[in-house]
Asker: 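Before I ask anything, here is the structure I am working with.
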Amino acid sequence: MAAQAASGGGAQAATQLGDLPEECLAQAIALTSPRDACRIAAVSPAFRAAADSDHVWRAFLPREAPPVVLLQPAKTKKEAYLGLCDAGSAVTVGDDGGCRMWLDKASGARCYALSARRLSLPWDDGEFCWKFTPHPRSRFGEVAELVDCTCLDIYGTLPSSSLTPATTYAAYFVYGAAAAAEGGAGGHRGLSYPDQETAVSVGGRVVDSHDVCLLPPDAAEARRFRGGGAGGVAGGEERRRRPRRREDGWWEMEMGRLVISADAGEAEEQEVTASFEVLGWHPKRGLLVEGIEFRPVVVAHSSSTT
């Protein structure tokens, strides 16, 4: 009986994980992810207090966050974090307003959008082959509209240190097409064929590439390019990557994927480049370039960060 009492007393005296000081729990939770922190908060009141603490959510905020936190009317660091997870209220990076940053809600990984002004656009056909104009759906002051060109090669770059290490990213080309005016004037041309390619490179080395098609071919362009070259219409249309229509009205094409190593900070700084090219010297017009985005690849989960 005495042994049982001693055994029972020892069990009651054992320290449970939830009995640890809030500071210790918060320190451990800060080493996880925003998604994990929200799940841990459902374990018990003690875990919720630690998981919602400023110490945890300060760790999830990026380096760019301190001035942003001061400007936003957020009462807690968690509120500041959630405010940065909306692409519509992204932080402007740099002085020219051509780069915006926000956070992936579940992982805390940094996302970037480069405006058309931040991209390299071909000018081989003269200074009037592009024009910059405001657009009601654009997050930036202007988009680039292709007036007329034959050589089309567009690319955007970011320092590798801008991306969150050990995270799979995809680069997306965000664009639209000019509509034809009454009488058939204007509109777009040469954006379905011939061959179109995208590539993503790190430090000058291509890590992913794809055959793509920006717009479904109309009958006229299908006839014009049918059988024209190994990659023409007859050369394997089924392998071309297709775009998707976004909720904001723009089209986006996944250009390729990359991963920045977790120890990349110890290596020399490299440039990450995403490029889109239309092969062949054919007349092209009517492409509206909103920009290029770098976002972590979305993995489906049963629950979401709240």
Side-chain angles (χ1 to χ4, degrees), residues 15-95 97 99-114 139 158-172 247-248 258-266 272 293-306:
T15 300
Q16 303 297 316
L17 187 58
D19 297 329
L20 293 173
E22 180 180 314
E23 293 79 5
C24 294
L25 291 175
Q27 183 67 26
I29 297 171
L31 300 176
T32 62
S33 69
R35 183 185 295 276
D36 291 331
C38 290
R39 289 172 171 170
I40 291 170
V43 173
S44 70
F47 276 83
R48 184 175 186 83
D52 287 346
S53 68
D54 280 353
H55 178 83
V56 170
W57 292 92
R58 184 184 294 110
F60 298 148
L61 289 169
R63 292 188 301 270
E64 295 88 344
V68 177
V69 172
L70 293 176
L71 293 174
Q72 291 184 350
K75 297 179 181 179
T76 67
K77 294 297 187 290
K78 183 177 181 179
E79 290 175 340
Y81 173 88
L82 294 175
L84 289 173
C85 294
D86 181 5
S89 58
V91 180
T92 300
V93 179
D95 298 329
C99 179
R100 307 189 74 184
M101 184 275 295
W102 68 99
L103 302 180
D104 176 65
K105 192 174 184 180
S107 67
R110 296 184 291 274
C111 309
Y112 289 89
L114 302 178
R139 297 159 293 178
L158 270 180
S160 59
S161 60
S162 298
L163 303 180
T164 302
T167 301
T168 301
Y169 276 88
Y172 298 91
E247 292 182 358
D248 59 8
L258 72 150
V259 179
I260 301 299
S261 172
D263 58 359
E266 302 176 3
V272 175
E293 293 185 2
F294 293 85
R295 308 194 309 261
V297 175
V298 176
V299 179
H301 291 276
S302 58
S303 62
S304 61
T305 303
T306 57

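Start at 1 with the first residue, then count along the sequence.
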Asker: The criterion is salt bridge (Lys or Arg N to Asp or Glu O under 4.0 Å); which residues satisfy it with Arg295, sequence neighbours excluded?
Answerer: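 Arg295: salt bridge (Lys or Arg N to Asp or Glu O under 4.0 Å) contacts with Glu252, Glu293.
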
Asker: Please enumerate all residues that pass salt bridge (Lys or Arg N to Asp or Glu O under 4.0 Å) together with Asp248, with sequence neighbours excluded.
Answerer: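 Counting only residues at least two positions away or on another chain, Asp248 forms a salt bridge (Lys or Arg N to Asp or Glu O under 4.0 Å) with Arg246.
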
Asker: Report the distance from atom CG of Leu163 to atom CG of Leu258, rounding to the nearest 0.5 Å.
Answerer: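 Answer for the CG-CG pair, Leu163 versus Leu258, is 6.0 Å.
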
Asker: Working to the nearest 0.5 angstrom, can you tell me the gap between Leu84 CG and Met101 CE?
Answerer: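 The CE atom of Met101 is 6.0 Å from CG of Leu84, to the nearest 0.5 Å.
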
Asker: Could you state the interatomic distance from CG (Asp54) to CG (Leu61), rounded to the nearest 0.5 Å?
Answerer: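 One finds 9.5 Å between CG of Asp54 and CG of Leu61.
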
Asker: Taking the side chain from Thr167 and the backbone from Pro165, do they hold a donor-acceptor pair closer than 3.5 Å?
Answerer: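 Judged by distance alone, yes, a pair lies under 3.5 Å.
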
Asker: Is any side-chain heavy atom of Arg100 closer than 4.5 Å to a side-chain heavy atom of Val93?
Answerer: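 No, their side chains stay 4.5 Å or more apart.
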
Asker: Could you tell me if the side chain of Arg39 sits less than 4.5 Å from the side chain of Phe47, heavy atoms only?
Answerer: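 No. Closest side-chain heavy atoms not under 4.5 Å.
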
Asker: Which heavy atom of Ala51 sits nearest to which heavy atom of Ala37, and what is that distance?
Answerer: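 Heavy atoms only, the tightest pair is CB-O, 3.5 Å.
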
Asker: Give me each pair satisfying salt bridge (Lys or Arg N to Asp or Glu O under 4.0 Å) with a member in residues 41-50, each pair once, sequence neighbours excluded.
Answerer: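 For residues 41-50, and leaving out neighbouring residues, the salt bridge (Lys or Arg N to Asp or Glu O under 4.0 Å) pairs sorted by first residue read Arg48-Asp52.
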
Asker: Between Ser107 and Tyr81, which heavy-atom pair has the shortest distance, and what is it?
Answerer: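 That would be C-OH, 4.2 Å.
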
Asker: Could you grab the distance from atom OG of Ser160 to atom OH of Tyr169, nearest 0.5 Å is fine?
Answerer: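 Going from OG on Ser160 over to OH on Tyr169, the span is 11.5 Å.
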
Asker: Just how far is it from atom CH2 of Trp57 to atom NZ of Lys78, taken to the nearest 0.5 Å?
Answerer: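 Result: 5.0 Å between the selected atoms.
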
Asker: Mind checking the OH-CH2 spacing from Tyr112 to Trp102? Nearest 0.5 Å is all I need.
Answerer: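 If we round to the nearest 0.5 Å, Tyr112:OH and Trp102:CH2 are 10.5 Å apart.
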
Asker: Do the side chain of Thr164 and the main chain of Arg110 share a donor and acceptor less than 3.5 angstrom apart?
Answerer: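 Yes: the side chain of Thr164 pairs with the backbone of Arg110.
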
Asker: Could you tell me if the side chain of Ile40 sits less than 4.5 Å from the side chain of Leu25, heavy atoms only?
Answerer: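 A side-chain contact is absent here, since even the closest heavy-atom pair is not under 4.5 Å.
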
